[in-house]
J.: 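I'd like to ask you about the structure that follows.
Any value given below was found using the heavy atoms of this structure, including those in side chains, with hydrogens, waters and symmetry copies removed. If you're wondering where the values come from, they're calculated on a predicted model, not measured in any experiment.
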Amino acid sequence: MLTAEQVTQTLAPRPVRFFATLESTNDAALAWLHEGAASGSVVIADEQTRGRGRLGRVWQTPAGAALAASVVLRPPPHLLHQITMVGALAVVDLLDGLGLSDVGVKWPNDVQVRGRKVSGVLSEAAWRGQNLDGVVLGIGVNVRVDFAGTGLADRATSIEMELGRPVDRLALLASLLDAVDRWYDRLESGLTFDCWKRRLTTLGQTVTLQGGALVGQAEAVDEQGGLLVRGLDGRLRRVLAGDIAPADRS
Ligand code: BTN
């Protein structure tokens, strides 16, 4: 179990709010953002009871088995769309650093090992009228979540299952947040988009999107994170949000 004392000491001087159990770290971080949290402030929960995933899905964070962190960031508006790339690349660095191989990003931001999802990223922007107030970058990482016997067994995995040895969640959390800082600081350089693109496993694949309404070849991505898909009719379409059907391992 992570404790508030361990987490705040390890992450000092970063402003931290730690909860043993919480509905969703993204919700708590959005509330803190509105209260004026500084960029880099982070909400951590050992367990989430109503973790949120993309496209209205539920994200499971069982106690003692995962990382759930939401970082408040205050980027310039033109870089907003690259915040999820920051999250995905931070997880990629974490997994690379553990010596895992076959680490990639399934568009848009599922981090996978050997084609199985180990982490998801959900960033949510907060607006004050037309102005961007900030964004919450939520990252969930499966550390020792056991998917055996569940409907997710062939699509999801955990760090310890892949490594075959235990890892220290607190050390992982610290490395993950360091990596978020590193990628966030590089945002203006243009490197974030290039590196995210390089780690995508989706390009060149035949993909199925929008519940089968769009089938085609994933040709390219743009700096906003959009996916350009050449449909069977030869037309190029841009998709900004969606999910690639699991059947194609993409
Ligand atoms: C996805 O792949 O659908 C995104 C999952 C994002 C989950 C994280 S866990 C920390 C943060 N708090 C939430 O409620 N969601 C994000």
Side-chain angles (χ1 to χ4, degrees), residues 1-14 16-26 28-29 42-53 57-71 86-106 109-122 137-183 199 201 246 249:
M1 253 333 230
L2 297 173
T3 66
E5 201 180 14
Q6 282 176 338
V7 170
T8 38
Q9 272 176 15
T10 304
L11 302 183
R14 185 191 295 272
V16 176
R17 287 186 179 174
F18 173 83
F19 299 84
T21 183
L22 187 66
E23 287 196 349
S24 158
T25 54
N26 263 31
V42 66
V43 177
I44 314 283
D46 191 63
E47 174 190 41
Q48 290 187 119
T49 55
R50 206 181 285 195
R52 289 192 283 110
R57 298 204 182 105
V58 171
W59 180 264
Q60 306 284 353
T61 308
L67 296 179
S70 298
V71 188
V86 166
L89 286 169
V91 178
V92 164
D93 277 3
L94 183 76
L95 302 180
D96 283 350
L98 289 167
L100 286 166
S101 51
D102 200 359
V103 174
V105 179
K106 175 187 164 188
N109 279 300
D110 289 355
V111 184
Q112 299 183 320
V113 177
R114 296 184 307 120
R116 290 184 164 84
K117 181 164 174 172
V118 84
S119 169
V121 177
L122 176 68
L137 171 61
I139 305 176
V141 183
N142 304 325
V143 179
R144 57 185 73 109
V145 183
D146 187 2
F147 294 102
T150 75
L152 292 174
D154 60 340
R155 284 186 280 143
T157 189
S158 286
I159 288 177
E160 290 189 352
M161 315 308 171
E162 295 301 317
L163 277 177
R165 64 173 170 85
V167 289
D168 177 347
R169 271 192 313 143
L170 191 57
L172 282 188
L173 177 63
S175 305
L176 176 67
L177 294 174
D178 282 350
V180 168
D181 288 349
R182 255 194 332 270
W183 284 107
R199 297 308 289 254
T201 53
R249 191 269 183 208

J.: How far apart are the closest heavy atoms of Ala88 and Val121, and which atoms are they?
T.: N-CG2, 3.9 Å
J.: Within the side chain of Arg144, is there an N or O that forms a donor-acceptor pair under 3.5 Å with the backbone of Gly64?
T.: yes
J.: Is it true that a side-chain atom of Ser119 and a backbone atom of Val141 form a donor plus acceptor pair closer than 3.5 Å?
T.: no
J.: How long is the straight-line distance from CD1 of Ile159 back to CZ of Arg165, given to the nearest 0.5 Å?
T.: 10.0 Å
J.: Flag the pair Arg114 / Glu162 as yes when at least one side-chain heavy-atom distance between them is below 4.5 Å, and no otherwise.
T.: yes
J.: Are Glu23 and Thr49 packed together at the side-chain level, in the sense that at least one heavy-atom pair is separated by less than 4.5 angstrom?
T.: yes
J.: For the CZ atom of Arg50 and the CG atom of Leu22, what is their distance to the nearest 0.5 Å?
T.: 11.5 Å
J.: Quick one, Arg155 and Leu152 - any side-chain contact, counting heavy atoms below 4.5 Å?
T.: yes
J.: I need the minimum non-hydrogen distance between Val167 and Leu163, along with the two atoms involved.
T.: CG1-CD1, 3.5 Å
J.: Is the backbone N or O of Val105 less than 3.5 Å from a side-chain atom of Thr201, with the two atoms forming a donor-acceptor pair by type?
T.: yes
J.: Taking atom CZ of Arg182 as the centre, report whether more than 12 heavy atoms of other residues, nucleotides or ligands fall under 6.0 Å from it.
T.: yes
J.: I'd like to know if the side chain of Thr25 and the backbone of Val43 have a donor-acceptor N/O pair within less than 3.5 Å.
T.: no
J.: Write down the atom of Asp146, the atom of Met161, and the distance for their closest heavy-atom approach.
T.: CA-CE, 3.9 Å
J.: Are side-chain heavy atoms of Arg14 and Asp181 found at a separation under 4.5 Å?
T.: yes
J.: First locate atom CG of Leu94, then atom CG of Leu89, and finally report the distance between them rounded to the nearest 0.5 Å.
T.: 12.5 Å
J.: Look at the side chain of Asn142 and the backbone N and O of Ala66, then say whether any donor-acceptor pair between them is shorter than 3.5 Å.
T.: no
J.: Could you tell me whether Asp96 and Arg199 have a side-chain N and a carboxylate O separated by less than 4.0 Å?
T.: yes
J.: Can you tell me if Ser158 uses its side chain to pair, donor with acceptor, with the backbone of Glu160 under 3.5 Å?
T.: no
J.: For Leu173 and Leu11: C-alpha separation, side-chain torsions, deciding distance, then whether side chain to side chain contact (heavy atoms under 4.5 Å, CB included) applies.
T.: CA-CA 9 Å; Leu173 177 63; Leu11 302 183; 4.2 Å; yes
J.: Starting from the C-alpha separation in whole Å, work towards a yes-or-no answer on side chain to side chain contact (heavy atoms under 4.5 Å, CB included) for Leu95 and Val91.
T.: CA-CA 6 Å; Leu95 302 180; Val91 178; 4.1 Å; yes
J.: Grab the two heavy atoms, one from Gly115 and one from Gln112, that are nearest each other, plus how far apart they are.
T.: O-NE2, 3.4 Å
J.: As an exercise, state the distance from CZ of Arg169 to CE of Met1, rounded to the nearest 0.5 Å.
T.: 8.0 Å
J.: Which atom pair, heavy atoms only, marks the closest approach of Ala90 to Trp183?
T.: N-CD1, 3.8 Å
J.: Please give me the minimum heavy-atom distance between Gly138 and Ser70, naming the atom from each residue.
T.: CA-OG, 3.8 Å
J.: So among Leu67, Thr10, Thr3, which one has a side chain to side chain contact (heavy atoms under 4.5 Å, CB included) with Leu170?
T.: Thr10
J.: Just wondering, do Val180 and Ile139 contact through their side chains at under 4.5 Å, heavy atoms?
T.: yes
J.: Which distance, rounded to the nearest 0.5 Å, do you find between the CG of Leu2 and the CD of Glu47?
T.: 12.0 Å
J.: Would you indicate whether the side-chain heavy atoms of Asp46 and Val7 approach each other to under 4.5 Å?
T.: no
J.: Decide yes or no on side chain to side chain contact (heavy atoms under 4.5 Å, CB included) for Leu122 and Trp59, but give the supporting numbers first.
T.: CA-CA 10 Å; Leu122 176 68; Trp59 180 264; over 6 Å; no
